[in-house]
Amino acid sequence: MYLQLQQQLIQRVSDLLKRQYDVELPRIVVDQPPNVGLGEYALPLSFELARKLRKPPRMIAEEVVAALGQVPGFEKFEVAGAGYINARINREEAARLLLDPSAPRIGSATGKKILVEHTSINPNKAAHIGHLRNAILGDTFVRLLQAAGARVDVQNYIDNTGVQVADVVVGFLYLEKKGKSEIEKLIASAGPPPHSFDYYCWDLYARVSQWYEESKENLKLRLQTLHDIERGGNDAAEIGKLISMAIIRRHLETMERLSIEYDFLPQESEILHLHFWESAFEQLKQKGVLYFETEGKNKGCWVMKRAISPQAAKRQAAAEGNDAGEAKGGQNKDGPDEDAKVIVRSNGTVTYVGKDIAYHLWKFGLLGRDFGYQRFYCYPNGRQVWISAESGEKDHPHFGGVNAIYNVIDSRQADPQNNVIEAIRGLGYTEQAEDYHHFSYEMVALTPRCAMDLGYDVSEEDQKRSYIEVSGRKGFGVKADDLLDSLIAAAQKEVDSRHPEMVGQERHEIASQIAIGALRYFMLKFTKTSVIAFDFKEALSFEGETGPYAQYAIVRASNIFRKAGLSAEEILGGETDLHFLKEDDELWELWLRAGQLSSMIEQCIATTEPAYAAKFAFQLAQQFNNFYHKHHILTEEDEAKKGFLLATAAVVRRALIHSLELMGIGAPIVM
RNA sequence: GCGCCCGUAGCUCAGCUGGAUAGAGCGGUUGCCUCCGAAGCAACAGGCCGGGAGUUCGAAUCUCUCCGGGCGCACCA
C-alpha cells in the first residue's frame, strides 16, 4: 500500500517538475516526516532545486503544492519547515486497501529467474554457528525474492574434492586405520547428534590437523590423498565420496530443522569430471581474458589481470574522467604483471578460481555443458533435491541459465569472487557481470567468555580480544545441532510450565517453533557487515528484541479472536467503520507500518540486507504491544469502535505473520 | 606494502542513496497482573555519533586525513 502510493506520488511530482520548471531530477527523494501527524511522505526537493531555480525553497514548495492539486489516494499536500513538501494519505482509502485480502501484489522481481547459492559447507564435519548465519541469510533472501515475484532455484555447492574432505579421509585411513567397509558400518550405526557421523568427523578432522603438525611425512599423505580424490577411480576417492555423501545428508537434516530447503546440490567432482573447465578455458583464451605469461614469477602459467575492488574501480574511473588520456593500469608497464592472478598453473592444472569461472558460466547458461542430475532426497512436502552426477537420470529439471545470481559467501572471499566477476565481464558478458551478486556477510565469532565456558583453552592474548574466530580445523566452535538443542530445551522448559494442560507432542512443537524463531531472528537482526560475537546468554534469550517477542505479539492477537469467537479473516472481509483513523495518529501509525511490508521487501532486495525484515517485524510487534496495552478491545462498549479495533488487530496480525514467514519463523498457536 | 569492513548510551547493535528533536534491546533504578496471557507495558538515568579538516542551506550519514580494531591479498584449496 505504502509503496504503491509512493510510486504514484513520485510519478506525479516528476511530471509536474518537468512541465512547470523543465527540470528532471535523477531521483526524487522521499522521506518520512518525524511523526505521522505531519503526513506520510516528506519531499525535500525544494532544497535541491533552490539554487537551480534561483528561488527560496519555501517558495518552490508552495508553488509545487499549488500545482499538484488533487491526487488520487492523497488527502492534501502542505509546506512544512524551511521548505519540505509533506503529503498526507487519505487514511480511510488506504486502510481499505489493507483490509482487502485479495489485493494483488506485484514485486520488482516478477518473472525473473534467480539462483541463490548458500550454505555450501565443506562436507567433512558438522555444521557450526557460522554456517547457520550463512544458511539463514540465504534462505531468508530466497523467501524475500519469492515474495517479490521471482522464481528462485536454491543451490548448495558441495566442494567434495577439496583438502577438507581429504583430511578426513587421511584421518580414517592413517590415524584410525579404517577401511571402506568399516566406515560404511560406522555411518550405518551412527545415531542422532551427538552420536552422529558429522560429529564424529568434527573431532577426527581436528585430530588430523594436529597430526599434520607432527611430521612432514604426514603432510605428504594429505597431498597424495587429495590428488587421488581429484583423479577418482581409487580407494581414497571412494571413501571421500562415502564421507561426503553421509555428511551432506546430515547437513540437510540440520537445515531441515530450520525449514531450510534446497533444489540442487552441484558437486565439484562433476565440474572436474565433466570437463567444465575445458570449455571455459577455450572461451577465456579466445577472448584474451587469459594470457600465457613468459616471464617473471608466473612464467609458464595462464594468468589474468587481477580484479580491483568495485570501490577502487569507481575511484579509478573518476580519476580517468579528470585527466583522460593518461596510461591506465599496469598492463603496459615494463616487465610482466607480477600481481596477475594465476588461473592455470605451470604444471597445467587449474586453480580454484578457474573452476569457479567455469561453474559460473554454467550458472548463466554460457558454458555449453551441463551436469547430470540424480534424485537425492525428497522433503515431506514433496520438494525434490537433486544432486549432480556424471551420468544422471533421464527425466530431470534443468538448473542454471538464470537471469541473476546471489552467492551467499562470507566477506573473506571477496577477492576470489571479484576475480570471477572480472573474468565474466572480460568475456563480454557485461549484463551477467552486473547481475552477479556476491552476498557478502561477516563471520560469527565467539566471545572469549563463551569460548572458555565451552571448555576451550583461550590464550591470554585472545582473552583481551572482543571476539575469537571459529575454526573447524581446530574443532573450535559451537555446533548447529547443539545450539538448536539447547534452544529447544530452554523453550520447552517455559512451555511446559505455562501449558501443563497440553499434550507433550504439542508442547514440543511449540517449543521448537520458539527456538527456531529465536535462532533465526538472532542471526538476522545484525546487519551483514557486523561481526556477530556469539554469546549464549543473548542467543538463548526470548525477551526484548527477539523472535519470540514478535511471535508473542501474534499469539496475543490470535487470543483476542479466539476469545471473541471470531476469525481474523472474517473481520478482514467484513464491513469496518474506518473514520476512527482520522483523529487518532497512533492507530493510524500502526496501520501505516503494516502497509509498509512490501516497501520493506523491496528495500531488503535492493540492498541485499535481510536485517530490515527483522527490524520491521520487531517494530511492528512493538507497536502492536503498545496498542494491545492501551485498548482493551473485548470490553469496548462502542460497537463501531470495537469492530474497528478488531480490524486493526487483524491487519497487524496478518502483516506480522507474513513478515515472520519471510524470515522462516512460524507463528505458534499459543506460547 | 595494497585492498575491504568496523568504530554511535555501561554492553550488544539500528540509523548512513545527506534533511526536521540521534533510536532499540540488554543491564541499572522505579512502577503496572480482579482486566483480550507480564515471553508484556510505562517511566527515569545513561551520547564531544573515535579525533581533525573539507564539501553543503544542512553531516552520525559524503570526501580526505589520522588513530584504534578485524579480515583478505599463494602456481594452497
Side-chain angles (χ1 to χ4, degrees), chain A residues 27 29 31 33-35 38 42 44 47-48 50-51 56-57 80-84 122 159 161-164 166 223 226 230 268 293 297-303 306 308-312 339 341-347 349-353 355 410-416 418 440 442-443 445 447 465-467 469 491 494-495 498 514 518 525-533 535 537-538 541-546 548-549 551-553 555-564 606-607 611-612 614-615 618-619 622 625-626 628-636 645-646 649 670-671:
Chain A
R27 205 187 61 250
V29 178
D31 290 316
N35 65 71
L38 293 169
F47 301 109
E48 205 176 333
R51 172 168 291 182
Y84 283 98
N122 283 317
D159 183 2
T161 57
V163 271
Q164 286 87 353
L223 204 63
L226 177 64
E230 278 182 1
E268 183 164 87
E293 184 57 81
K297 65 169 187 171
N298 296 332
K299 186 176 174 184
C301 299
W302 287 89
V303 301
R306 189 176 294 270
I308 52 173
S309 72
Q311 270 204 16
D339 190 43
K341 175 72 200 164
V342 171
I343 302 298
V344 181
R345 302 180 189 104
S346 54
N347 67 7
T349 57
V350 60
T351 60
Y352 189 82
V353 171
K355 285 180 264 187
D410 74 72
S411 62
R412 289 172 290 195
Q413 303 279 350
D415 281 0
N418 284 333
S440 165
E442 279 292 341
M443 61 179 173
T447 60
R465 298 160 149 240
S466 52
Y467 52 81
E469 193 177 346
E494 293 292 325
V495 177
R498 285 162 207 246
I514 293 168
K525 76 180 199 183
F526 301 93
T527 51
K528 299 178 302 176
T529 52
S530 165
V531 175
I532 298 181
D535 181 81
K537 193 167 154 270
E538 254 185 274
S541 168
F542 300 145
E543 286 163 23
E545 197 197 333
T546 64
Y549 176 93
Q551 289 175 315
Y552 186 60
V555 167
R556 283 176 137 187
S558 303
N559 282 348
I560 297 170
F561 295 104
R562 205 188 32 193
K563 207 87 171 186
T607 54
Y612 292 120
K615 294 287 164 200
F618 175 65
Q619 282 165 6
Q622 205 172 30
N625 275 332
N626 187 287
Y628 179 89
H629 183 74
K630 217 170 226 170
H631 303 272
H632 198 268
I633 300 174
L634 296 183
T635 54
E636 173 61 50
L645 293 175
L646 280 167
V670 295
M671 281 177 74

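Residue numbers begin at 1 in each chain, while the letters A, B, ... track the order of the sequences. As the structure is a prediction and not an experimental result, all values here were calculated from the model.
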J.: Base, sugar-phosphate alone, or nothing: which one does A/Ile343 contact when heavy atoms must sit under 4.0 Å apart?
T.: nothing
J.: Taking CE from A/Met671 and P from B/G37, how many angstroms apart are they, rounded to a whole number?
T.: 14 Å
J.: Determine the Euclidean distance between corresponding C1' atoms of B/G19 and B/A59; express it in Å to zero decimal places.
T.: 10 Å
J.: Please answer whether B/A24 and A/Phe618 are stacked, defined here as ring centres separated by less than 5.5 Å and planes angled under 30°.
T.: no
J.: Expressed as a whole number of Å, how far does the C1' atom of B/G23 sit from that of B/G46?
T.: 14 Å
J.: Return the set of residues passing salt bridge (Lys or Arg N to Asp or Glu O under 4.0 Å) with A/Lys615 (not counting sequence neighbours), or none when no residue passes.
T.: A/Glu545
J.: A/Phe47 has an atom CZ; how far is it from atom C1' of B/G18, in whole Å?
T.: 12 Å
J.: Once ring-ring contact (aromatic ring centres under 6.0 Å, His included) is applied, do any residues pair with A/Phe526, and if so which ones, sequence neighbours excluded?
T.: A/Phe522
J.: Base, sugar-phosphate alone, or nothing: which one does A/Gln622 contact when heavy atoms must sit under 4.0 Å apart?
T.: sugar-phosphate
J.: Under the 3.5 angstrom rule, does the side chain of A/Ser346 hit a backbone N or O of A/Cys301 as a donor-acceptor pair?
T.: no
J.: Grab the two heavy atoms, one from A/Ser440 and one from A/Asp410, that are nearest each other, plus how far apart they are.
T.: OG-C, 4.4 Å
J.: In whole angstrom, give the distance that lies between atom CD of A/Glu48 and atom P of B/G19.
T.: 12 Å
J.: Would you call A/His631 and A/Glu636 a side-chain contact if the rule is heavy atoms closer than 4.5 Å?
T.: no
J.: Any side-chain heavy atom of A/Arg562 within less than 4.5 Å of one from A/Val670?
T.: yes
J.: Work out how far the C1' atom of B/U8 is from that of B/G25, and round it to whole angstrom.
T.: 15 Å
J.: Has the side chain of A/Asn559 got a donor or acceptor atom sitting under 3.5 Å from an opposite partner on the base of B/G37?
T.: yes
J.: Pick out the pairs of N or O atoms, protein on one side and nucleotides 14-16 of chain B on the other, that lie under 3.5 Å.
T.:
residue : atom : partner  : partner atom : Å
B/A14   : OP1  : A/Thr527 : N            : 2.9
B/A14   : OP1  : A/Thr527 : OG1          : 2.1

J.: Residues in salt bridge (Lys or Arg N to Asp or Glu O under 4.0 Å) with A/Glu48, at least two apart?
T.: none
J.: Considering all heavy atoms of both residues, which atom of A/Val303 and which atom of A/Glu293 are nearest to each other, and what is their separation?
T.: CG2-CB, 4.3 Å
J.: What are the two closest non-hydrogen atoms of A/Ala445 and A/Val531, and how far apart are they?
T.: CB-CG1, 4.3 Å
J.: Only Watson-Crick and G-U wobble pairs, only distances under 3.5 Å, only runs of 3 or more: what stems does that leave for RNA chain B?
T.: B:1-7 with B:67-73, B:10-13 with B:23-26, B:28-32 with B:40-44, B:50-54 with B:62-66
J.: So, using ring-ring contact (aromatic ring centres under 6.0 Å, His included) as the criterion, who are the partners of A/Tyr552 when residues are at least two apart?
T.: none
J.: Does the protein touch nucleotides 68-77 of chain B at the base, only the backbone, or not at all? Give it as B, S and - per nucleotide, heavy atoms under 4.0 Å.
T.: --SSSSSBSB
J.: How far, in whole Å, is B/G50 from B/C6 if one measures between their C1' atoms?
T.: 11 Å
J.: Using the side-chain heavy atoms of A/Tyr549, tell me which of these nucleotides is nearest: B/C57, B/G40, B/A39.
T.: B/G40
J.: Do A/Thr161 and A/Glu230 have side-chain N/O donor and acceptor atoms under 3.5 Å apart?
T.: no
J.: Where the side chain of A/Asp31 is defined as all heavy atoms beyond and including C-beta, which of B/G37, B/G19, B/A20 is the nearest nucleotide?
T.: B/G19
J.: Can you give one letter per nucleotide of nucleotides 27-35 of chain B, 5' to 3': B if a protein heavy atom sits under 4.0 Å from the base, S if only from the sugar-phosphate, - if neither?
T.: --------S
J.: List for me each residue that meets ring-ring contact (aromatic ring centres under 6.0 Å, His included) alongside A/Phe618, sequence neighbours excluded, and say none if there are none.
T.: A/Tyr549
J.: Below 4.0 angstrom from OP1 or OP2 of B/C41, is there any side-chain N or O of A/Asn626?
T.: no
J.: A/Tyr552 has an atom OH; how far is it from atom P of B/G40, in whole Å?
T.: 8 Å
J.: Say we look at B/U55 and B/U65: how far apart would their C1' atoms be, to the nearest angstrom?
T.: 15 Å
J.: For the P atoms, the ones on B/G72 and on B/U29, what distance do you get once it is rounded to whole angstrom?
T.: 42 Å
J.: Do any side-chain nitrogens or oxygens of A/Arg498 fall under 4.0 Å of OP1 or OP2 in B/A39?
T.: yes
J.: Using salt bridge (Lys or Arg N to Asp or Glu O under 4.0 Å) as the criterion, list what pairs up with A/Asp159, not counting sequence neighbours.
T.: none
J.: A/Asn625 and A/Arg556: which non-hydrogen atoms are nearest, and at how many Å?
T.: OD1-NH1, 2.6 Å
J.: Taking atom P in both B/C73 and B/G18, what distance in whole Å separates the two?
T.: 34 Å
J.: Does A/Ala445 reach a base, just sugar-phosphate, or nothing at all? Heavy atoms under 4.0 Å.
T.: nothing
J.: Would you measure the distance from the P atom in B/C32 across to the matching atom in B/G70 and give it in whole Å?
T.: 48 Å
J.: How should the glycosidic conformation of B/C16 be described, syn or anti, under the criterion that syn lies within 90° of 0?
T.: anti
J.: Output all residues satisfying salt bridge (Lys or Arg N to Asp or Glu O under 4.0 Å) with A/Asp535, sequence neighbours left out; order by chain, then residue number.
T.: A/Arg449
J.: Test of understanding: with side chain to side chain contact (heavy atoms under 4.5 Å, CB included), list the residues that count as partners of A/Ala518, not counting sequence neighbours.
T.: A/Leu487, A/Phe542, A/Pro548
